[in-house]
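Below is one structure, written out as structure tokens, with a few remarks after it.
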Amino acid sequence: MLDKTFDHASVEQSLYAGWERAGAFAAGQAPGAPYTIMIPPPNVTGVLHMGHALTFTLQDALIRWRRMQGRDALWQPGTDHAGIATQMVVERELAGEQTSRQKLGREAFLERVWQWKAQSGGAITQQLRRLGASLDWQRERFTLDEGLSRAVREVFVTLHEQGLIYRDRRLVNWDPKLQSAISDLEVESQEVRGSVWHIRYPVEGDDGLHLTVATTRPETLLGDTAVAVHPDDPRYAALVGRHVVLPLTGRRVPVVADTYSDPEKGTGAVKITPAHDFNDFAVGQRHGLPMPSILDRQARITLAEVELHAVSGLADPDFTRTLEGQGREAARAAVVAELDRLGLLERTEPNTHQVPHGDRSGVVIEPLLTEQWYCDAKTLAGPAVAAVEQGRITFVPKQWENTFFAWMRDIQPWCISRQLWWGHRIPAWYGPGGSVFVARTQAEAEAQAAARYGAPAALEQDPDVLDTWFSSGLWPFSTLGWPERTPELARHYPSDVLVTGFDIIFFWVARMMMMGLHFMGDVPFRHVVIHGLVRDERGQKMSKSKGNVIDPLSLVDQYGADALRFAVCQLTGPGRDIKLGAARVAEARSFVTKLWNAARFCEMNGVAPVSGFDPAGVRAPLCRWLLDAANQAVAEADAALEAFRFDDYAGACYRFTWNVFCDWFVELAKPVLMGADGPERDELRATAAHVLGTVLRLLHPAAPFVTEALWEAFGYGEALSLIRAPWPTACTVSGAAAARDELGWVIRFVTAVRTVRAEMNVPPALKAPVLLRDASPQTAARAQAWLDAATRLGRVSEVGVAPASVPAGCAQIVLDEATLLLPLAGLIDLDAERARLSRERARATDDLEKVRRKLDNADFVARAKADVVDENRERARAAEREVTRLDAALARLG
RNA sequence: GGGCGCGUAGCACAGCGGUAGUGCACUACCUUGACAUGGUAGGGGUCACAGGUUCAAUCCCUGUCGCGCCCACCA
């Protein structure tokens, strides 16, 4: 016999191991159409967090559902090398050992990262197993695998040949801590409290005249090469074309007219530092200004490209040289102090503004003039935008398409080179004189060089690696074997659904679209399901610093993977953030327990699958009603999953299991199950077994473990066979409408009796008869037929016909055409009963009034849809009848 | 500055033109032979606010307020 509760801890891991051993997750076994989901590859050295639990639960629910539907389901697993994140972790470790990657050297460092990967790389995939994720592990890929690396080189070389990857010298976002370029997306604005300094730049050759500029970065004046004013600004018109002398360097720089300058902002005159500001860079290009860098790669002052002139009262080279090598903040303070000393600091205002920071390093990003590799994202974006416009890819919720379009239509060149070591080395080799050879292999590059020079040349490979997202962008086809034309590629590209969070729409989703369309000529997926963020139960973002991080695995340990998964499904509405705490999971665990106990009840009552059972041949109304309700639950679950409404799917399962199967079916079935042996009981048992099987299959995508355990316990199939059992479909039910009508009446009858008894405080132990007045023959027959159930559930002792005169102390219930009398002499407070009936009457009257007001409105009758008018007329009639009967009941009370 | 989303019972959320719903919490009662991780019944909402459209608005439109997010922005 089943235990009293489901002991998840003792079965989850062995069930999972069993599935895996049996190859139950493997694609290529089902005859149906392929169904494919590509996992968003987690960081290989990461650990499972709540966001993973959310996204992977949803993906697993979808893949299990489709697999049961007979589709050839592939959920492609794998991990990402996560360049920056992983390199930072290992570097931090090295720092703890008083060493660094520079000291180790490239090769030894990479060796070390691979070691770290070997040591921690299995963690996340093991944790995915704990969740129950049915990934096809035999197909697991890693972005630095040889196959995927080959895809990366192929894509790089091809795009380079097509002119879509190129090398360029321009400003990039430079992260001084990582000492690498990063892309626009890896830059986050953060509000910083600082100051605006108003600084006087003396006008050349005009004693006493000066131009005041306002800046938040006074130290950059070392690299100024102009001051810009608006061409229409009368205040500065006379100065355009003249020069000012820069404090501290003594250099003369022109005053230029440029519409970039905003007369409303600051002083209307803006200092131009082309090598350290994106806007200034553009101004510099327009005016042919020099672009000296004054910061090195660690964002320290360097004067290598700056000329210094001694100018009395304005520039003292001895002071300025002391700035060399200072950090940005220190240099800023020193520069401000010196300007103040020189009387050039007009004023200082406090100022709060947004400053770019590196999303990984957290330090202030510095625009720096360097040579990098760029990808022409604009060209690649066009087809991706078109695919969404044409509906070949849809976002769910659709709202996200706007966000996608806004970014894609204004996309900037994508800086793809990183000055890191952990990642895909850029397949470019440099020869004599800076010549570049982009090739799939070194040999190929050497051949190119030899062809060019007529002799072998010494080549050196570009030291940089590619942005991690470059390889993730190829994931939907690189994992399937591309550039080989494998059968898997033909079968599983495009994938069906991509499930992910909105935070990587630009980083990843958009790049997969661009790369997939360019190299495969088709979209990488048809639907992009965007879910929200997991927050704590108070709606706060989870973070280590807040200490509110919930570990999904501890929830799995405590409540079981099924409970966590079911809670996640219940909470996942369209695109909303979800608030998940232990309480939610505990509630879901109660549901798992409820299911378990419903099964236990079935087991105790001889419910077992009957081979050859035909639902269409079932006769008992209770059984027909149950089968019909199950059909409805299946339809709801299917519709919900089709629409990616995991909350509705979970809700349909929950309501059917708890409110239909447990609350009514099991209770109404008890008299039969506990009664005499015979065909009626056999039919009930067989029907219950059939429907329990439906419930287990319906719930399997959300709660795979408990359902599989019960499936096996009841012998629905061989061990571990639920995962590939056929998904339930609607069965034929004879007389479904009549059964719905009859059971609907039974439920209302029992509920009405219970309500009155509870309100009248009738002791549960006391059974009372029910006397029918004005009952139709059908009602009278039903009341007799369901007497056993009514006795169990409504404490009804017998059903009789009401005498002409009402016995004293009777409670009265109006139910459809009939009035039920409950003689409870001595228990009924006449005043209380009168008050109760009056309340009922008031409710009915209110309803009647509302409907009448509508029907009295000529416009309503004339303009509303006919069925709405009819519906209201029917409601009015019903309310009138109810009021009449309640009036009669009140009159009988005296 | 531009854009998006959200504001429905104490809490978490559905609903989104035609009688306001679910779960938890709450109150009362119940050791009823699956389950107290249970059962039965009940109370609780001018659907943020103000206008408009409509026969009819929680639902559509406009505006206001509050909350959150994204993009841009270092004068």
Side-chain angles (χ1 to χ4, degrees), chain A residues 2 4-6 189 192 194 196-198 213-217 220 228 261-262 264-271 276-279 351 353-356 364 367 397 399-400 402-403 406-407 410 502-503 505-506 532-533 537-539 541 559 563 570-571 573 575-581 583-584 586-587 589-605 645 647-648 651 654-655 659 662-663 666-667 670 674 750-751 754-759 761-765 792-795 846-847 850-851 854 857-865 867-869 871-872 875 879:
Chain A
L2 294 174
K4 211 167 168 184
T5 55
F6 173 57
S189 288
V192 167
V196 180
W197 287 274
H198 292 247
V213 298
T215 180
T216 57
R217 302 206 54 189
T220 62
S261 176
D262 181 350
E264 306 286 309
K265 277 165 131 181
T267 62
V270 59
K271 62 194 275 309
H276 297 288
D277 180 285
F278 289 97
N279 291 313
N351 177 45
H353 55 143
Q354 298 288 322
V355 179
V364 174
Q399 202 47 57
W400 288 106
N402 291 331
T403 307
W407 187 69
D410 185 36
F502 55 81
D503 48 334
I505 290 178
F506 305 146
L533 228 58
E537 53 269 83
R538 295 208 309 276
K541 217 166 169 172
Y559 303 104
Q570 280 182 301
L571 293 170
R576 261 208 176 200
D577 285 353
I578 72 171
K579 295 177 193 168
L580 184 67
R584 285 277 105 89
E587 283 161 25
R589 195 256 315 257
S590 297
F591 174 66
V592 170
T593 305
K594 188 74 179 177
L595 170 70
W596 181 263
N597 276 293
R600 189 160 172 266
F601 171 85
C602 288
E603 188 196 37
M604 293 167 90
N605 286 280
R645 285 299 303 260
D647 52 345
D648 287 345
Y654 184 100
R655 283 190 301 275
N659 304 124
C662 294
D663 289 350
V666 163
E667 295 306 328
K670 278 177 181 173
M674 287 158 189
V750 169
T751 304
R754 281 168 166 173
T755 301
V756 169
R757 291 181 58 113
E759 287 195 5
N761 292 313
V762 178
R792 285 188 72 87
L793 305 181
R795 321 297 294 161
D846 278 357
D847 197 34
K850 258 194 265 183
V851 180
K854 268 192 187 181
N857 181 342
D859 282 333
F860 172 73
V861 178
R863 298 185 192 221
K865 278 177 289 185
D867 54 332
V868 173
V869 176
E871 190 190 310
N872 276 277
R875 258 175 62 201

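Order of the sequence lines fixes the chain letters, A, B, ..., with proteins taken first and strands second; residue numbering starts at 1 for each chain. Owing to the predicted nature of the structure, the values given are computational and were not obtained by experimental measurement.
- Looking at residues two or more places apart in sequence or on another chain, you find no salt bridge (Lys or Arg N to Asp or Glu O under 4.0 Å) involving A/Arg754.
- A pairwise comparison of heavy atoms in A/Leu2 and A/Glu603 identifies N-OE1, 2.9 Å as the closest pair.
- Distance, A/Asp577 CG to B/C67 C1': 12 Å, rounded to whole Å.
- Within the 4.0 angstrom heavy-atom criterion, base atoms lie near A/Cys662.
- Using P as the reference atom, B/A41 and B/A56 are 38 Å apart when rounded to the nearest Å.
- For the C1' atoms, the distance linking B/G68 with B/A20 amounts to 26 Å, nearest Å.
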Between protein and nucleic acid, restricted to nucleotides 25-30 of chain B and to nitrogen or oxygen atoms under 3.5 Å apart, what atom pairs and distances do you find?
none

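- In this structure, CG of A/Asp663 is placed 10 Å from P of B/G23, rounded to the nearest angstrom.
- Side-chain to base pairing of A/Glu667 with B/A34: one donor and one acceptor N or O lie within less than 3.5 Å of each other.
- B/G39 and B/U32 have their P atoms separated by 14 Å, with the value rounded to a whole Å.
- Judged by distance alone with a 3.5 Å cut-off, no donor-acceptor contact links the side chain of A/Lys4 to the base of B/C35.
- At distances below 3.5 Å, not a single donor-acceptor pair connects side-chain atoms of A/Arg795 with backbone N or O atoms of A/Val762.
- Note: CZ (A/Arg655) to P (B/C24) measures 13 Å, nearest angstrom.
- Distance from the side chain of A/Arg584 is smallest for B/G23 among the nucleotides B/G23, B/U37, B/G39.
- A/Glu667 meets the side-chain contact (heavy atoms from CB on, under 4.5 Å) test with A/Lys670, A/Leu793; sequence neighbours excluded.
- Among the heavy atoms of the strands lying under 4.0 Å from A/Asn351 are primed sugar atoms or P, OP1, OP2 only; no base atom is included.
- Summary of the strand contacts: A/Met604 and A/Ala586 both lie near RNA chain B, and taking for each the nucleotide with the nearest heavy atom, the more 5' one is attributed to A/Met604.
- Between the side chain of A/Arg645 and the backbone N or O of A/Gly573, no donor-acceptor pair lies under 3.5 Å.
- The shortest heavy-atom contact between A/Gly794 and A/Arg757 is O-CD, 3.5 Å.
- At a threshold of 4.0 angstrom between heavy atoms, the contacts of A/Arg600 are confined to the sugar-phosphate backbone, with no base atom among them.
- Look at the C1' atom in both B/C16 and B/C61: the space between them is 15 Å, to the nearest Å.
- As rounded to the nearest Å, B/G7 and B/C13 have P atoms that lie 10 Å from one another.
- Partners of A/Thr593 by side-chain contact (heavy atoms from CB on, under 4.5 Å), not counting sequence neighbours, listed by chain and number: A/Thr5, A/Arg589, A/Asn597.
- Looking at heavy-atom distances under 4.0 Å, A/Val270 makes contact with a base.
- Computed from coordinates, the A/His353 NE2 to B/A75 C1' distance equals 11 Å when rounded to whole Å.
- Comparing the P positions of B/C6 and B/C59 gives an interatomic distance of 13 Å, to the nearest angstrom.
- Here A/Lys579 reaches the OP1 or OP2 of B/A12: one of its side-chain N or O atoms lies under 4.0 Å away.
- Counting non-hydrogen atoms under 4.0 angstrom, A/Ala598 reaches a base of the nucleic acid.
- Residue contacts for A/Lys265: at a heavy-atom cut-off of 4.0 Å it reaches a base atom on one of the strands shown.
- Side-chain atoms of A/Asp577 come within 3.5 Å of backbone N or O of A/Leu533 as a donor-acceptor pair.
- For A/Phe506, taking side-chain heavy atoms from C-beta onward, the closest of the listed nucleotides B/C71, B/U19, B/C35 is B/C71.
- Nucleic acid contact class of A/Glu587 (heavy atoms, under 4.0 Å, all strands): sugar-phosphate only.
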### Message
Across nucleotides 55-60 of chain B, 5' to 3', mark each nucleotide with B, S or - according to how protein heavy atoms within less than 4.0 Å reach it.
### Response
B-----

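- Listed nucleotides: B/A75, B/A12, B/U37. Nearest to the side chain of A/Val196: B/A75.
- Between B/G45 and B/C55, the distance separating the two P atoms is 32 Å to the nearest Å.
- In the set B/C69, B/A34, B/A75, B/A34 carries the atom at the smallest distance from any side-chain atom of A/Met674.
- If you measure from atom CG of A/Asp503 to atom C1' of B/C70, you get 11 Å, rounded to the nearest angstrom.
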N/O contacts under 3.5 Å, protein versus nucleotides 2-6 of chain B?
unit_1	atom_1	unit_2	atom_2	d
B/C4	O3'	A/Gln399	NE2	2.9
B/G5	OP1	A/Gln399	OE1	2.9
B/G5	OP1	A/Gln399	NE2	3.4
B/C6	O3'	A/Arg576	NH2	2.8

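- Taking only side-chain nitrogens and oxygens, A/Lys594 never comes nearer than 4.0 Å to OP1 or OP2 of B/A36.
- Between the P atom of B/C35 and the CG atom of A/Leu595 lies a distance of 15 Å, rounded to the nearest Å.
- The distance between atom CZ of A/Arg757 and atom C1' of B/U40, rounded to the nearest whole Å, is 11 Å.
- Look at the P atom in both B/C4 and B/U40: the space between them is 46 Å, to the nearest Å.
- Residue A/Arg792 has no polar side-chain atom (N or O) positioned under 4.0 Å from OP1 or OP2 of B/U32.
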### Query
Which letter, B, S or -, goes with each nucleotide of nucleotides 41-46 of chain B from 5' to 3', with contact meaning a protein heavy atom under 4.0 Å?
SS----

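- Proximity note for A/Tyr654 (side chain, C-beta onward) versus B/C73, B/A75, B/C24: the nearest is B/C24.
- Remark: RNA chain B forms stems of 3 or more consecutive Watson-Crick or G-U wobble pairs, all pair distances under 3.5 Å, at B:1-7 with B:65-71, B:10-13 with B:21-24, B:26-30 with B:38-42, B:48-52 with B:60-64.
- Under the 3.5 Å distance criterion, the side-chain polar atoms of A/Thr215 are left unmatched by any main-chain donor or acceptor of A/Trp197.
- A/Val192 comes within contact range of no nucleotide atom at all, as no heavy-atom separation falls under 4.0 Å.
- Applying the salt bridge (Lys or Arg N to Asp or Glu O under 4.0 Å) criterion to A/Asp847, with sequence neighbours excluded, gives A/Arg875.
- Put simply, the side chain of A/Thr5 and the base of B/C35 share no donor and acceptor less than 3.5 Å apart.
- B/U22 atom P lies 15 Å from atom CG of A/Asp648, rounded to whole Å.
- When the salt bridge (Lys or Arg N to Asp or Glu O under 4.0 Å) test is applied to A/Glu587, the partners found at least two apart in sequence or on another chain are A/Arg584.
- Mapping A/Ala269 and A/Arg875 onto RNA chain B by nearest heavy atom places A/Arg875 closer to the 5' end of the strand.
- Taking the salt bridge (Lys or Arg N to Asp or Glu O under 4.0 Å) definition, one finds that A/Glu759 meets it with A/Arg839, sequence neighbours left out.
- As judged by a 4.0 angstrom heavy-atom cut-off over every strand, A/Asn279 is placed among residues touching the sugar-phosphate backbone only.
- Checking B/U40, B/U37, B/C73 against the side-chain heavy atoms of A/Ser189 singles out B/C73 as nearest.
- Residues meeting the ring-ring contact (aromatic ring centres under 6.0 Å, His included) test with A/Trp596, sequence neighbours left out: A/Phe6.
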